[in-house]
Amino acid sequence: MTGKISHNAAPSALGYQHQTWWALLELLRLGHKRPDAAISLELFDDIAWDHDGTATELLQIKHHQKGQRALTDASVDVWSTLKVWMDTACPADPEGPQLLLITTQVASPNTAVAALRLDTRDDDFALNGLEMAALEGASGRTKQTRQQFLALSPADQQAFISRIHVIDGSPCIDDVPALVRAQLHWALPTGHEDAFLAMVWRWWDEQALAMLQGRQRGMDASAAHVAIAGMRDQFTRAMLPTTIELDEVNAHVLATTYDNCPFVQQMHWVAYSPRNLQRAIVDYYRAHTQIVQWLDHALLSPAELARFAEELLDDWEREFEWMEMGIGEDAEEASKQQAGAELLRLLMRQTGPFLSRRYHDAFLARGHRHILADEGRLGWHADFRERFERLLVQP
């Protein structure tokens, strides 16, 4: 396996991605009008709106590259969609959920599908057109579906058609991010728009995956609004956003990547336990990557970061001096290792200091201590300074 999407699989993969992104756009566009409703993926249909567990709208999402042929009454997309709805959406029930075919293709003029648009609706014309298409399609991929449609009684066909809406010429996947951004205009933090949108997309990817895996039934419109507002609030001067989450980090890959770094060597010098050493590497990576992102997006100033480092160094200096006094000048190596490990353990258990009182996640202080250890500005072993100098001159 090369890890690349094959030519044949690419359109399907793109279609699934478009479906996932479209669900977020749908949620943002209509959620404020439906605060008590929820949107779902692959539960009732490709996308669905439901209220108290009862589907109110079923959406079939069709994505095609620009320039592909127009949508006609004979199109496979039309009949595959009708097949899904005839099998699952009680076509004879006039009070059933609304049925929306949302497609990037454009319906050809004077067709049944064009007559099912919201602005040019003509149910009788649409029904006659689909009946003619069903009769003409006596063979081929959609033969069974067309026969199934013709087997419906005239009243059932009428009820079925009355619930179907075609929304053609919908935006392609490349256009969806801009539309999502436009829907979030109320929440965009000035100067930090891209960082905020990245958080929203990451959050939505998590929700979509949970829905597709069956771990989550849907996303309530009101809950989505609260979640997005909460992300927006993280970009105030009083708070900093967490964008490097623990569950996104591969500890085993990091252990290999950072194995020879000075901060890791510093922990080896005091025989720090392997499992806690691995956790320390994760803290280092998260803190370093998070700080870089804050600086890149101007959420954190270098002066604030310098003050934070000085507070960490001040805490370390106090405890390091007590450690040196406790072991004495003539301590054996085993005693130095034990004392250094205890010092490391003591400081790793502290939750502070905090970054200018704007951020309270404990991993940041732990990780930044390892950043300072990587620079040789602090250490755990009583002889760390001499060892660090030798480390720097090693080939």
Is the centre of the [X] ring less than 6.0 Å from the centre of the [Y] ring?
X: H225; Y: W186; result: yes
X: F320; Y: F384; result: yes
X: W21; Y: W204; result: no

Can you tell me if [X] uses its side chain to pair, donor with acceptor, with the backbone of [Y] under 3.5 Å?
X: D45; Y: I47; answer: no
X: S335; Y: A331; answer: no
X: D220; Y: A223; answer: no
X: Q216; Y: A210; answer: no

How are the rings of W79 and F149 set relative to one another: parallel (under 30°), tilted (30 to 60°) or perpendicular (over 60°)?
perpendicular
What class does the angle between the rings of Y359 and W294 fall in, given that below 30° is parallel, 30 to 60° is tilted and above 60° is perpendicular?
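Geometry flag for W294 against Y359: perpendicular rings.
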Are any non-hydrogen side-chain atoms of [X] and [Y] less than 4.5 angstrom apart?
X: R34; Y: E57; result: yes
X: H370; Y: M348; result: yes
X: F196; Y: M231; result: yes

What do you reckon, is OH of Y285 surrounded by more than 12 foreign heavy atoms closer than 6.0 Å?
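Not buried by this count: 12 neighbours or fewer within 6.0 Å.
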Would one find more than 12 heavy atoms of other residues, nucleotides or ligands at under 6.0 Å from atom CD of E329?
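Open: at most 12 neighbouring heavy atoms sit under 6.0 Å from CD of E329.
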Determine the minimum heavy-atom distance between [X] and [Y], stating which atoms define it.
X: T104; Y: P171; answer: CG2-O, 3.6 Å
X: L299; Y: E304; answer: O-OE1, 4.4 Å
X: F263; Y: A280; answer: CE1-O, 4.4 Å
X: A133; Y: R146; answer: O-NH1, 2.6 Å
X: L150; Y: E131; answer: CD2-O, 4.1 Å
X: V78; Y: T72; answer: CG2-O, 3.4 Å

Is a salt bridge present between R121 and D119, judged by a nitrogen-to-oxygen distance below 4.0 Å?
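No.
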Lys/Arg N to Asp/Glu carboxylate O, R202 vs E245, below 4.0 Å
no
Between E248 and R286, does a salt bridge (charged side-chain N to carboxylate O under 4.0 Å, His left out) hold up when you go through it step by step?
CA-CA 10 Å; E248 298 173 354; R286 290 184 69 200; over 6 Å; no
When you group the ILVMFWY residues by side-chain heavy-atom contacts below 4.5 Å and let the links chain together, are L246 and W203 in the same group?
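They do share one cluster, since a chain of ILVMFWY contacts under 4.5 Å joins W203 to L246.
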So, applying side chain to side chain contact (heavy atoms under 4.5 Å, CB included) with D283, which one of R366, H368, Q278 is it?
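With D283 as partner, side chain to side chain contact (heavy atoms under 4.5 Å, CB included) holds for just one option, R366.
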